[in-house]
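In what follows, a structure is listed as structure tokens, so that the remarks can point back to it.
Count residues from 1 along the sequence.
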Amino acid sequence: ISNYGAWALFGTIAILALFFAVRGRIRVEGGMTGKTIQRFKLFERIIHWIVALSFIILSLTGLNLLYGRYIVKPWLGADTFAVITLFGKLAHNYLGIVFMAGIVIMFVLWIRHNIPNKIDLVWLSKGGGMLGSGMHPPAKKFNAGQKLIFTAVIIGGGMISYSGLMLLFPFSGNATVQDMQYVQLLHTVGALALTAVIIAHIYIGTIGMEGAIHAMWSGKVEENWAKEHHSIWYNEIETSDHNDAEDTRKHPTH
């Protein structure tokens, strides 16, 4: 598993590097207008960053358990590696609980936006508009790619949460030694697969796409970014704002 996991992680990074070299950064083709619209509320952003930061630490400490003896130990020495691993294990155990709570809240917040529909098939058939300029398939608040990420986080997160709890409280429920071995494999496979997915998610949200990081940083996105990448959602927001303005004009408060 550790060998295949290393290939999966480095393979993901290599594919993303090749894609960036060929495609470059996905720019806002309409240019920056300076006008922004609200995409995520403060509470949504807090939950996102709690899940994100806890997962990053969990991933790094878990990777240290798998590969640290081959990379960290020869580099920093046995004593330093032992200290890092000890504190990493403590952080892994406690932050795991934070991660579990975070994905439950995230599921409740966003499940209604992540139900598949026919529009997603169009988005997928056009590669999400990422293969060339001028190709922007319609999308609601979450496009098909984001729905796949959400599904991976919920299912993968649920898998590693269940197996993580089993490892925190071993041999509970009459589990045998063989059961615990299977649980450890489940935890490792799920964590490595989800880490590969999150690497791709981080790429798109940072250097891969112009303007994407602002959605979870300030909660606001450039108007043209919204038009290009989430046109249906943008139109719904514009219609809602227009209706609110009309109501205010017809029924002004005193």
Side-chain angles (χ1 to χ4, degrees), residues 1-20 45 47-73 75-76 81 84-107 110 114 128 130 142-168 180-209 212-213 215-216:
I1 297 299
S2 62
N3 288 337
Y4 287 126
W7 278 106
L9 296 178
F10 284 113
T12 300
I13 295 171
I15 291 171
L16 292 172
L18 178 62
F19 180 79
F20 184 78
R45 303 199 308 275
I47 294 300
H48 171 271
W49 287 113
I50 286 175
V51 172
L53 293 175
S54 62
F55 180 78
I56 289 172
I57 296 173
L58 289 168
S59 180
L60 290 174
T61 52
L63 289 172
N64 179 60
L65 291 174
L66 267 182
Y67 306 111
R69 71 188 65 181
Y70 310 112
I71 300 173
V72 179
K73 187 177 179 180
W75 177 34
L76 298 178
F81 171 67
I84 291 173
T85 304
L86 174 62
F87 283 101
K89 180 180 180 297
L90 293 173
H92 200 91
N93 291 347
Y94 288 107
L95 283 176
I97 304 299
V98 176
F99 174 77
M100 294 176 203
I103 60 173
V104 171
I105 298 172
M106 184 178 287
F107 176 82
W110 291 332
N114 284 277
M130 294 187 291
F142 288 83
N143 59 42
Q146 291 167 325
K147 290 179 181 180
L148 290 173
I149 296 290
F150 178 82
T151 302
V153 170
I154 298 302
I155 294 178
M159 181 190 299
I160 60 179
S161 295
Y162 165 75
S163 55
L165 286 172
M166 289 288 291
L167 292 172
L168 279 174
M180 294 307 303
Q181 290 175 333
Y182 287 140
V183 166
Q184 190 170 23
L185 283 175
L186 178 67
H187 193 74
T188 306
V189 170
L192 286 169
L194 188 56
T195 299
V197 171
I198 295 303
I199 288 173
H201 176 59
I202 292 173
Y203 164 79
I204 290 294
T206 53
I207 63 172
M209 180 180 289
I213 187 65
M216 277 301 172

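- Atom CD1 of I149 and atom CD1 of I204 lie 8.5 Å apart (nearest 0.5 Å).
- A distance of 11.5 Å separates OG1 in T12 from CD1 in I198, rounded to the nearest 0.5 Å.
- For S54, there are no side chain to side chain donor-acceptor pair (under 3.5 Å) partners at least two apart in sequence or on another chain.
- Between the CD1 atom of I155 and the CZ atom of F150 there is a distance of 10.0 Å, given to the nearest 0.5 Å.
- Heavy atoms only, all atoms of each residue included: S2 and L66 are closest at CB-CD2, 4.0 Å.
- Interatomic distance, I47 CD1 to I103 CD1, rounded to the nearest 0.5 Å: 12.0 Å.
- A pairwise comparison of heavy atoms in A152 and V197 identifies CB-CG1, 4.0 Å as the closest pair.
- T195 contributes atom OG1, which lies 10.0 Å from atom CD1 of I56 (distance to the nearest 0.5 angstrom).
- Within 6.0 Å of CZ on F19 lie more than 12 heavy atoms contributed by other residues, nucleotides or ligands.
- Residues that satisfy the side chain to side chain donor-acceptor pair (under 3.5 Å) test with T188, not counting sequence neighbours, are absent from this structure.
- In the displayed structure, Y67 atom OH is contacted under 6.0 Å by more than 12 heavy atoms of other residues, nucleotides or ligands.
- Here the CE-CG distance, from M159 to L194, works out to 9.5 Å after rounding to the nearest 0.5 Å.
- The shortest heavy-atom contact between A215 and R45 is O-CD, 3.8 Å.
- The backbone N or O of Q181 lies less than 3.5 Å from no partner atom in the side chain of Q184, so there is not a single donor-acceptor pair.
- Between Y162 and L186, some side-chain heavy-atom pair lies under the 4.5 Å cut-off.
- Side-chain N/O atoms of T151 and N114 include no donor and acceptor closer than 3.5 Å.
- Residues N64 and F81 meet the side-chain proximity criterion, which asks for heavy atoms closer than 4.5 Å.
- A91 approaches I57 most closely through the heavy-atom pair CB-CG2, 4.5 Å.
- Remark: H92 pairs with L58, T61, H187 by the side chain to side chain contact (heavy atoms under 4.5 Å, CB included) rule, at least two apart or across chains.
- K89 has its side chain out of reach of T85: every pair of non-hydrogen atoms, C-beta onward, lies at least 4.5 Å apart.
- In this structure, H48 and W110 have side chains that are in contact, with non-hydrogen atoms separated by less than 4.5 Å.
- Ring-plane geometry between F20 and Y203 is classed as perpendicular, the angle between the planes exceeding 60 degrees on a 0 to 90 degree scale with a lower cut at 30.
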